[in-house]
Number of protein chains: 2
Amino acid sequence: MTEHSGGGRAGGESLLFLTDEQLRKGIEAMFFAYRGFTADPDRILDEQGYGRAHHRALHFINRAPGNTVNNLLSILGVTKQSLNRVLRTLIADGLVESRVGTQDKRERHLYLTEIGVALEHQLSDAQRVRMRAAYRTVGPQAVSGFRQVLEAMMDPELRRKFNAARESRK
Amino acid sequence: MTEHSGGGRAGGESLLFLTDEQLRKGIEAMFFAYRGFTADPDRILDEQGYGRAHHRALHFINRAPGNTVNNLLSILGVTKQSLNRVLRTLIADGLVESRVGTQDKRERHLYLTEIGVALEHQLSDAQRVRMRAAYRTVGPQAVSGFRQVLEAMMDPELRRKFNAARESRK
DNA sequence: AGTTTAAGTCAGCCTTGTTGACATTCCAAG
DNA sequence: CTTGGAATGTCAACAAGGCTGACTTAAACT
């Protein structure tokens with residue numbers, strides 16, 4: 001079952017980076033880094049009485065204003081009941097606006113209000129501060145590798161969506 | 001509030017990798033990649049009636065057998081009540097053994113049993129398959145960058161623990 | 001006219017996190 | 001030897017945020 005890589009079968013270049021031990025370290029690093037990655041926004045969210053789910057909604061509404069609920073659901077990968085609970089509070093609190101579609105009136109298009117944008121900026125600024133510091137520390141080449149590995153780890157369907165967004169925003 | 005990087009102030013090398021847009025893409029990539037990263041073990045855990053919390057406990061007990069509960073708590077960053085609930089089921093199911101300390105009998109040292117090891121392997125194998133595929137796709141240099149960025153994003157205290165483990169296992 | 005789709009809602013369940021209170025056991029310092 | 005504090009474990013209660021299932025409404029498609 002366990003595929004033991006590295007060791008004997010190096011070709012032109014060393015495959016030592018594929019040993020189980022190296023992969024295990026990568027797994028742990030991913031766990032610890034994700035914690036650091038969410039720590040700062042989590043603190044802000046907590047003060048405002050929101051959670052990580054609200055942050056995700058704000059992020060993706062901000063990224064693609066006017067997106068429909070269904071679209072958001074497929075990006076976030078949660079049920080509509082779960083998303084709706086979050087969306088309802090954001091709309092009630094005046095951070096998100098839900099507009100009836102002009103083409104198809106069944107659809108609701110989501111937009112951040114002014115104060116929604118303000119909170120989203122506060123959250124993403126906090127997150128970017130950490131990420132910018134990390135990026136600066138390691139330099140552009142390491143960052144390029146980072147992004148390559150992350151993309152390769154995504155589910156293909158999500159990678160498609162991820163790169164589609166890249167297209168539309170240049 | 002927003003710190004606009006990139007654009008004008010490039011020195012010797014381009015700082016375009018530090019623009020808000022690049023950082024935002026990094027944040028999203030992290031979100032999607034983490035989902036892919038946990039997807040495979042999550043499926044296995046679900047079949048067995050366990051959750052991600054059980055996986056984390058199994059992982060870190062396996063990594064450092066004989067670790068105390070307190071130590072595990074500080075690594076996982078949860079409350080003892082939360083960990084205990086998970087630990088109790090794992091012990092009841094015979095996946096984890098809790099031995100009273102010989103030096104200090106208040107401490108409990110945690111070990112995986114044979115079937116605990118078996119499940120841990122099943123889980124980490126699934127996770128490694130995806131990571132190995134990603135690593136192979138992008139090559140050793142990208143992997144090195146990946147690891148550098150992850151380490152730089154961790155909280156310093158956790159980075160210390162992370163690297164301490166590297167020491168002890170070579 | 002009938003079916004499908006988008007969205008929303010209600011109810012109930014689960015996991016996994018949290019606090020707070022409390023008991024036990026044991027080490028170590030006075 | 002006693003007592004304070006540390007390590008562990010447990011109970012109860014709660015919240016966030018997932019989930020399923022059932023059902024409504026409105027609009028669009030066929």
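Bear in mind the structure is a predicted one, so any value in this text is a computation, not a measurement. Within every chain, numbering begins at 1; the chains are lettered A, B, ... in the order of the sequence lines, protein sequences first and strands thereafter.
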Whether [X] contacts [N] is assessed here as follows: a side-chain N or O lying under 4.0 Å from the phosphate OP1 or OP2. Is that the case?
X       : N      : value
B/Arg35 : D/dG18 : no
B/Arg52 : C/dT15 : no
A/Arg88 : C/dT9  : yes
B/Thr79 : C/dT18 : yes
B/Asn84 : D/dT8  : no
B/Asn70 : D/dT8  : yes
B/His54 : C/dT15 : no

In this structure, how many angstroms lie between the [atom2] atom of [N] and the [atom1] atom of [X], rounded?
X       : N      : atom1 : atom2 : value
B/Arg99 : D/dT8  : CZ    : P     : 16 Å
B/Arg85 : D/dC14 : CZ    : P     : 15 Å
A/Asp46 : C/dG17 : CG    : P     : 15 Å
B/Leu45 : C/dT16 : CG    : C1'   : 13 Å

Which nucleotide sits closest to the side chain of A/Gln81: D/dG21, C/dA6, C/dC26?
D/dG21
Shortest side-chain distance from A/Glu107, nucleotide among C/dG17, C/dA6, C/dT9
C/dA6
Please evaluate residues B/Asp125 and B/Arg128 with respect to the criterion salt bridge (Lys or Arg N to Asp or Glu O under 4.0 Å), reporting the C-alpha separation (whole Å), side-chain torsions for both, the decisive distance (0.1 Å), and the verdict.
CA-CA 5 Å; B/Asp125 274 356; B/Arg128 276 195 297 264; 2.6 Å; yes
Would you mind telling me which residue lines up with the more 5' stretch of DNA chain D, A/Lys80 or A/Arg56, judged by nearest nucleotide?
A/Arg56
Specify the residue among A/Asp104 and A/Ser82 whose closest nucleotide of DNA chain D lies further upstream toward the 5′ end.
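Whichever sits nearer the 5' end wins; that is A/Ser82.
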Give A/Gly49 one of three labels, base, sugar-phosphate or nothing, depending on what nucleic acid heavy atoms sit under 4.0 Å from its own.
nothing
Under the ring pair (Phe, Tyr, Trp, His ring centres under 6.0 Å) definition, can you give me all pairs with a residue in residues 56-81 of chain B, not counting sequence neighbours?
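Qualifying pairs, neighbours excluded: A/Phe31-B/Phe60, A/Phe32-B/Phe60.
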A/Tyr111 reachable from A/Leu123 in the ILVMFWY side-chain graph, under 4.5 Å edges:
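Cluster IDs for A/Leu123 and A/Tyr111 differ.
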Do B/Asp155 and A/Arg35 sit within salt-bridge range, that is, some charged N less than 4.0 Å from a carboxylate O?
no
Side chains of A/Asn70 and A/Glu107: do they bring a donor and an acceptor to under 3.5 Å?
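A/Asn70 vs A/Glu107: no donor-acceptor pair found between side chains.
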Record whether the side chain of B/Arg106 comes under 3.5 Å of the base of D/dT8 through a donor-acceptor pair of N or O atoms.
no
Side chain B/Lys105 and base C/dT25 donor-acceptor under 3.5 Å:
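Donor-acceptor pair under 3.5 Å: no.
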